[in-house]
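Residue numbers begin at 1 in each chain, while the letters A, B, ... track the order of the sequences. These numbers come from the heavy atoms of this one structure, side chains and all, not from hydrogens, waters or symmetry mates.
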Amino acid sequence: MTENAEVAALLYEFADLLEAQGVEYKPRAYRDAADSVREAPRGALEDPEALDDVGEAIGGKIEEYLETGSIEELEELREEIPVDIEALTRVEGVGPKTAGKLYRELDVRDLDDLEEAAEAGRIRKVKGFGAKTEENILDGLEFARRSHDRMLLGDAAPLSEEVLQRVRDAEGVERAEVAGSLRRRKETIGDIDVVLVSSDRDATTAEVAEYAEDVMQKGESKASYHLEDCQLDLNMVDEDEWGSALVYFTGSMAHNVALRQRAIDQDKKLNEYGVWRDDTRLASETEEEVYRELDMEYVPPELREDRGEVEAAADGELPELVEHGDVRGDLHLHVDRTDGSATIDGLVEKAMELGYSYLAVTEHSEALGVVGGLSDSELRELAADVEEADESSELRLFTGVEANILKDGSIDVGESVLEELEVVVASIHSNLGMEEDEATERLVSAVEHPEVDVIGHPSGRLLNSREGYPYDLDRVLEACIDYGVALELNANPHRLDVDDREVRRCVEAGVPVAVNTDAHAEMEMEYVGYGVSTARRGWAEASDILNSWSVEELEEWLGC
DNA sequence: GCCGTTTTCGGCCCGACTGTTTTCAGTCG
């Protein structure tokens, strides 16, 4: 866990424990502070009180934790309510107050205790609980135990396409779209939200229930299902509320709260049914109308995170985001000379299909022994093959390499070879267990190398499995400006590295971002879509993306 | 506990759904 995530988790726990004790309002304050910490850039905890929603009290506790490794007040709370509140509240329908009550009444401290109490029929005897609640807890336990990580966008997006098609085919459905974090294209997804219009809601929900694992809840306007390892929420709305419902269910929560506040400031009210003044509905049919009624530009879903987009849209200053069609090439591709399966011809064919003008073949270099990285002479042979293919291709094929940044910051390919190759992507693949200073130095050294053009997957993270080493992005960006180097946004859905927030800092610093797929097979070149949506989440325009430049612009930048 | 173009106290997003209630609390998003 990053330091921010670690502190945020403690603050969430603090909030839950307070709520379990029936404390009012404070839990909200701790959660807001936790959200703010989680969203903040690395290093922001040096001055916690500078963050939104962090005041003197919580700021002091953060400092206490960073200095001593614990927070006295939290330790006291944990003694008063010694329960695994994070695990217990993962059970559907169990929140902090329920967890607190079950601890006080039945000494339930963790999932095992909860299961035991439910199976023994002890929960139904507690005042305010019944047989149905006990049953729901038993049902929810299994899911809570196996649902751990959020789904990757790369898994959720194709699944949601399939789900959406089934929903659209269901009886009564006139219109359906995916909303929620999927529509915002977050790197990980909690559940699949669908907004739909149906002429027969009962028939629709019944048909969807047929292929779902089970039905969690079903009401007039809403139904939830378990689907493999995720949850599917159907939100059923009337045709004339489509726009306001889509805004509402797309979120994020923070964006919605900011929109509602803006409505209140204008003597209006915003909910999923529309923008209102008193009992008069002013807008609701399309998202564009809703934003217009709030005197704002339309906000693309990827920006709806309350990271300044509400203010920017009100001032008419939203960026003109990069689009999929703006991408003209892929500058980090592997072939079958090391660990990939693609061929030069195969990559070219796929690139044509994607409407590209160019691509670069950047095979692994020698130090990456595990995949049989290419020696200097083998890199030259591959370059010759790429040049030959270039002659007969409609595309511009760049020669290249994905070189390794060694422990001391040097590059594992000979100078003369690096000079000959047109695109040099430099990446860290070894000695990943570094402290921030060491990692930063290593990256900066690579940036300073005269032949390096792009730093590949800068943090080395793998979503849900490897955190990546910490580094000082500001220092790397400064070096990138000085030496004319781009950072990669690796579009592989397991990486998405740099991430959305880091893209924004690149954009602000004026460092070009290369949206590369790092494809090892032709099909993987399609990952570019995840990269583009992540770039959009980082407020990037086409001009900020290195591989949306024309061949001529790119050749000039590369100096070839 | 945090915040402020109704500022240093008095509010704190809001609606659906469920289960347990005879009017509402807790959870969720």
Side-chain angles (χ1 to χ4, degrees), chain A residues 11 14-16 18-20 22-37 48-62 73 88-102 123-137 139-140 144 179-184 189-195 201 205 215-224 231-237 241 244-245 247-274 276 304 306 311 314:
Chain A
L11 295 176
F14 215 124
D16 281 351
L18 287 169
E19 193 161 11
V23 177
E24 281 188 296
Y25 301 116
K26 279 194 195 184
R28 174 63 176 282
Y30 276 86
R31 275 187 204 115
D32 286 348
D35 288 341
S36 183
V37 167
E49 279 185 62
L51 294 172
D52 287 343
D53 298 319
V54 178
E56 210 180 315
I58 295 181
K61 291 188 175 77
I62 293 174
E73 254 187 79
L88 290 172
T89 53
R90 233 168 33 225
V91 177
E92 185 73 31
V94 177
K97 291 190 172 176
T98 302
K101 193 165 189 180
L102 291 177
I123 289 176
R124 68 179 69 190
K125 299 201 175 96
V126 179
K127 191 171 188 309
F129 292 74
K132 185 68 185 154
T133 300
E134 194 171 80
E135 215 174 283
N136 288 345
I137 285 173
D139 288 344
S181 52
L182 250 167
R183 183 159 179 250
R184 302 200 309 280
I189 306 298
D191 46 38
I192 299 178
D193 292 294
V194 173
V195 178
R201 294 182 179 187
T205 53
V215 181
M216 298 165 64
Q217 56 170 223
K218 189 179 92 65
E220 266 300 292
S221 62
K222 177 167 282 199
S224 302
Q231 185 180 326
L232 167 65
D233 289 336
L234 297 188
N235 300 290
M236 295 171 285
V237 307
E241 2 178 281
S244 44
V247 169
Y248 180 83
F249 290 111
T250 298
S252 64
M253 195 62 64
H255 177 81
N256 286 353
V257 169
L259 286 185
R260 263 186 226 122
Q261 192 54 53
R262 186 170 173 80
I264 292 167
D265 293 344
Q266 297 176 358
D267 273 327
K268 296 168 188 165
K269 189 177 96 164
L270 171 68
N271 57 24
E272 58 259 59
Y273 307 110
W276 306 77
R304 301 182 193 173
D306 194 28
E311 296 79 0

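One can place CZ of Arg262(A) at 14 Å from P of dT5(B), the figure rounded to the nearest angstrom. One can place CG of Leu234(A) at 16 Å from C1' of dC28(B), the figure rounded to the nearest angstrom. The CD atom of Glu56(A) sits 12 Å away from the C1' atom of dC2(B) (whole-angstrom rounding). Summarising the geometry, the separation between NZ on Lys132(A) and C1' on dT27(B) is reported as 16 Å, rounded to the nearest angstrom. A straight line from CG of Asn136(A) to P of dT20(B) spans 8 Å, rounded to a whole angstrom. Glu24(A) places its CD atom 12 Å from the P atom of dC12(B), with the value rounded to the nearest Å.
No contact: Asp32(A) has no heavy atom under 4.0 Å from any strand. Within the 4.0 angstrom heavy-atom criterion, no nucleotide atom of any strand lies near Gln261(A). If you check every strand for non-hydrogen atoms under 4.0 Å, Asp265(A) touches nothing. Among the atoms of the strands shown, none is found under 4.0 Å from any heavy atom of Val23(A). Ala263(A) comes within 4.0 angstrom of nothing in the nucleic acid, heavy atoms only. Within 4.0 Å (heavy atoms only), Phe249(A) reaches no atom of the nucleic acid at all.
Considering only the side chain of Lys61(A), dG1(B) comes nearest among dG1(B), dG19(B), dT27(B). Nearest nucleotide to the side chain of Thr98(A), out of dG1(B), dA16(B), dG26(B): dG26(B). Considering only the side chain of Thr133(A), dG19(B) comes nearest among dA16(B), dG1(B), dG19(B). Comparing atom distances between the Lys97(A) side chain and each of dC17(B), dT27(B), dG1(B) picks out dT27(B) as nearest. Among the nucleotides dG15(B), dG19(B), dT27(B), the one closest to any side-chain atom of Pro96(A) is dT27(B). Here the side chain of Glu92(A) is nearest to one of dT20(B), dC2(B), dC28(B), namely dC28(B). Nearest to the side chain of Asp193(A), among dG1(B), dG29(B), dG26(B), sits dG29(B). Here the nucleotide nearest the side chain of Ala57(A), chosen from dT18(B), dG29(B), dG1(B), is dG1(B). Taking every side-chain heavy atom of Ile58(A) into account, dC2(B) is the closest of dC17(B), dC2(B), dG29(B). Minimum atom distance to the side chain of Ser221(A) is reached by dC17(B), of the listed dT18(B), dC28(B), dC17(B).
Nucleotide dT8(B): unpaired (no Watson-Crick or G-U wobble partner with both distances less than 3.5 Å).
Of the side-chain N and O atoms in Asn256(A), none sit less than 4.0 angstrom from OP1 or OP2 of dC14(B). Not one side-chain nitrogen or oxygen of Lys222(A) sits closer than 4.0 Å to the OP1 or OP2 atom of dA16(B). Note on Asn271(A): a side-chain N or O is less than 4.0 Å away from OP1 or OP2 of dG15(B). Taking 4.0 angstrom as the limit, Lys269(A) places a side-chain polar atom (N or O) nearer than this to OP1 or OP2 of dG15(B). Look at Ser224(A) and you won't find any side-chain N or O under 4.0 angstrom from OP1 or OP2 of dC17(B).
Sparse packing is recorded around CD of Glu56(A), with 12 or fewer heavy atoms of other residues, nucleotides or ligands lying under 6.0 Å away.
To the nearest whole angstrom, the two C1' atoms, one in dC14(B) and one in dC9(B), are 24 Å apart. Atom C1' of dG10(B) sits at a distance of 24 Å from the matching atom of dG15(B), rounded to the whole Å. When the C1' atom is compared between dT23(B) and dT18(B), the two are found 15 Å apart, to the nearest whole Å. The C1' atoms of dC12(B) and dT6(B) are separated by 15 Å, rounded to the nearest whole Å.
Atom CG of Asp306(A) is separated from atom NE2 of His255(A) by 8.5 Å, given to the nearest 0.5 angstrom. With rounding to the nearest 0.5 angstrom, the OH atom of Tyr248(A) is 12.5 Å from the CD atom of Glu241(A). How far CG of Leu182(A) is from CD1 of Ile192(A): 6.0 Å, rounded to the nearest 0.5 Å.
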- Intermediate values then yes/no, side chain to side chain contact (heavy atoms under 4.5 Å, CB included), Ile62(A) and Val37(A): CA-CA 10 Å; Ile62(A) 293 174; Val37(A) 167; 4.0 Å; yes
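Base orientation at dT21(B) is anti, since its O4'-C1' glycosidic dihedral falls outside 90° of 0.
No option in Asn256(A), Ile264(A), Leu259(A) other than Leu259(A) meets the side chain to side chain contact (heavy atoms under 4.5 Å, CB included) test with Leu270(A).
Although no hydrogens or angles enter the test, the distance criterion places a donor-acceptor pair under 3.5 Å between the side chain of Ser244(A) and the main chain of Glu272(A).
At a cut-off of 3.5 angstrom, counting only N and O atoms as typed in the model, there is no donor on one side facing an acceptor on the other between the side-chain of Tyr25(A) and the base of dG11(B).
For the pair Gln217(A) and Glu92(A), the minimum side-chain heavy-atom distance is 4.5 Å or more.
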